[in-house]
Undergrad: 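Structure below; questions to follow.
All heavy atoms count here, side chains included; hydrogens, waters and symmetry mates do not. Just so we're on the same page: letters track the sequence lines, and every chain starts at 1.
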Amino acid sequence: MLSVKSKSRLKITTWNINSVRKRSDLIKHFIQEFSPDILLLQETKVSNELFPYYFFKDLGYSFAHYDGEKTGYNGVAILANQELEIVPKISFIKEARHLVAKTKCGIEVHNFYIPAGGDVPDIALNLKFKYKLDMLQQLTSWFKKEKHSSNKIILTGDLNVAPLEHDVWSHKQLLKVVSHTPEEVEKLIALYNSINFRDAVRKFTSDSEKLYSWWSYRAKDWQKANKGRRLDHIWVTESLYNNVTHAEISKHIRGLEGPSDHAPVSIHISI
DNA sequence: ATGGTTGGTTACCAA
């Protein structure tokens, strides 16, 4: 019997949406343009009762796995145009900051919203900073210890750390700014090394080139100032790295009317 | 060194 070997590809996007209900037009625009197969959102800022389930269903996303808080803080979601298997979230994460799902082809996709960590980069003075570092450390232990059901793992999300010198507009000026302090970077790299993740987005941009996914709302002209940071990441395990065929950060989406302060970050992966 | 903007449970808190 003849068989045709079909080659397929998966498009995956992570996006800190900063209120999913405020971004309907923006989300529609992005989906029409890029049509991700799997869309991972952070800071949905909506309780589960009020999550816009039918909004995504009408756009072709029949699968929706989401976790929100009544208070309107945090919130994460995984949307897909195909059935995914829901995997229980990591138990020590008590807030709505993490979800996992698995594709039919056996890829486990993690969606994280790591705490921002407050303003003062000192664990003795700032409990939010301690909370952030502790979570990164706990995740490192978890990934090391966990017996993973698949060696194909994708870690995505707003990790709230810009690890490389050229992940920020000024390495020197941000060394004491939460998101780029050596202490956080060290913890993030430890997580990166826990099961030998590879940076799917940097695969296509040299480490010596500036690359950002977030620009503050507070700039008078964010494009002109261009004081960005790369806080949003897509990491893949080694067995998937060769299959990553494309990566992009949709900076123009940050420039549309009523934007999130984060741009969507996406990859193509052949399966 | 300071203040700038945005979203949500709003008349403050977190980012």
Undergrad: Suppose we screen for ring-ring contact (aromatic ring centres under 6.0 Å, His included). Which residues come up paired with A:F30, at least two apart in sequence or across chains?
TA: A:W15, A:F34
Undergrad: So, using ring-ring contact (aromatic ring centres under 6.0 Å, His included) as the criterion, who are the partners of A:H171 when residues are at least two apart?
TA: A:H180
Undergrad: Going by the side chain to side chain donor-acceptor pair (under 3.5 Å) test, which pairs reach into residues 104-116 of chain A, not counting sequence neighbours?
TA: A:Q42-A:N111, A:E43-A:Y113, A:H98-A:H110, A:E108-A:H110
Undergrad: What integer distance in Å separates A:D119:CG from B:dA1:C1'?
TA: 14 Å
Undergrad: Per the side chain to side chain donor-acceptor pair (under 3.5 Å) rule, what does the pair list look like for residues 209-223 of chain A, sequence neighbours excluded?
TA: A:N18-A:Y217, A:R23-A:Y217, A:H166-A:K210, A:S213-A:D232, A:W214-A:D261, A:W215-A:N226
Undergrad: Enumerate the protein-to-nucleotides 13-15 of chain B contacts in which both atoms are nitrogen or oxygen and the separation is below 3.5 Å.
TA:
{"unit_1": "B:dA14", "atom_1": "OP2", "unit_2": "A:K128", "atom_2": "NZ", "d": "3.3"}
{"unit_1": "B:dA15", "atom_1": "N6", "unit_2": "A:R218", "atom_2": "NH2", "d": "2.4"}
{"unit_1": "B:dA15", "atom_1": "N1", "unit_2": "A:R218", "atom_2": "NH2", "d": "2.9"}

Undergrad: What pairs with A:F51 under ring-ring contact (aromatic ring centres under 6.0 Å, His included), at least two apart in sequence or on another chain?
TA: A:F56, A:Y66
Undergrad: Specify the separation, in whole Å, of atom CD1 of A:I17 and atom C1' of B:dG7.
TA: 13 Å
Undergrad: Starting from Watson-Crick (N1-N3 plus N6-O4 or O6-N4) and G-U wobble pairs under 3.5 Å, report the runs of at least three that DNA chain B belongs to.
TA: B:5-8 with B:12-15
Undergrad: What interatomic distance, in whole Å, is found between C1' of B:dA1 and the corresponding atom of B:dC12?
TA: 25 Å
Undergrad: List in chain and number order the residues that pass side-chain contact (heavy atoms from CB on, under 4.5 Å) with A:D25, two or more places apart in sequence or in another chain; answer none if no residue qualifies.
TA: none
Undergrad: Can you measure A:D221 atom CG to B:dT5 atom P for me and round it to whole angstrom units?
TA: 13 Å
Undergrad: Over how many whole Å does the gap from A:W214 atom CH2 to B:dT5 atom P extend?
TA: 14 Å
Undergrad: For A:L136, which of A:L159, A:N160, A:V161 qualifies under side chain to side chain contact (heavy atoms under 4.5 Å, CB included)?
TA: A:V161
Undergrad: Please report the distance separating the C1' of B:dG3 from the corresponding atom of B:dA15, rounded so that it comes out in whole Å.
TA: 15 Å
Undergrad: Give, ordered by number, those residues of residues 175-183 of chain A having at least one heavy-atom distance below 4.0 Å to an atom of DNA chain B; if nothing qualifies, reply none.
TA: none
Undergrad: Any pair with a residue in residues 140-154 of chain A that passes side chain to side chain donor-acceptor pair (under 3.5 Å), sequence neighbours left out, goes on the list, sorted by first then second residue, please.
TA: A:K102-A:S149
Undergrad: A:V120 and A:V185: same hydrophobic cluster, using ILVMFWY side-chain contacts below 4.5 Å?
TA: no
Undergrad: C1' atom, B:dG7 versus B:dA11: distance in rounded Å?
TA: 15 Å
Undergrad: Let me have the donor-acceptor pairs involving side chains of residues 186-198 of chain A, under 3.5 Å, with sequence neighbours excluded, atom names and distances please.
TA:
{"unit_1": "A:Y192", "atom_1": "OH", "unit_2": "A:F197", "atom_2": "O", "d": "3.4"}
{"unit_1": "A:Y192", "atom_1": "OH", "unit_2": "A:D199", "atom_2": "N", "d": "2.8"}
{"unit_1": "A:N193", "atom_1": "ND2", "unit_2": "A:I189", "atom_2": "O", "d": "3.3"}
{"unit_1": "A:S194", "atom_1": "OG", "unit_2": "A:L191", "atom_2": "O", "d": "2.6"}
{"unit_1": "A:R198", "atom_1": "NH2", "unit_2": "A:E238", "atom_2": "OE2", "d": "2.8"}

Undergrad: Can you name the ring-ring contact (aromatic ring centres under 6.0 Å, His included) partners of A:H252, sequence neighbours left out?
TA: none
Undergrad: In whole Å, what separates the C1' atom of B:dT10 from that of B:dT6?
TA: 13 Å
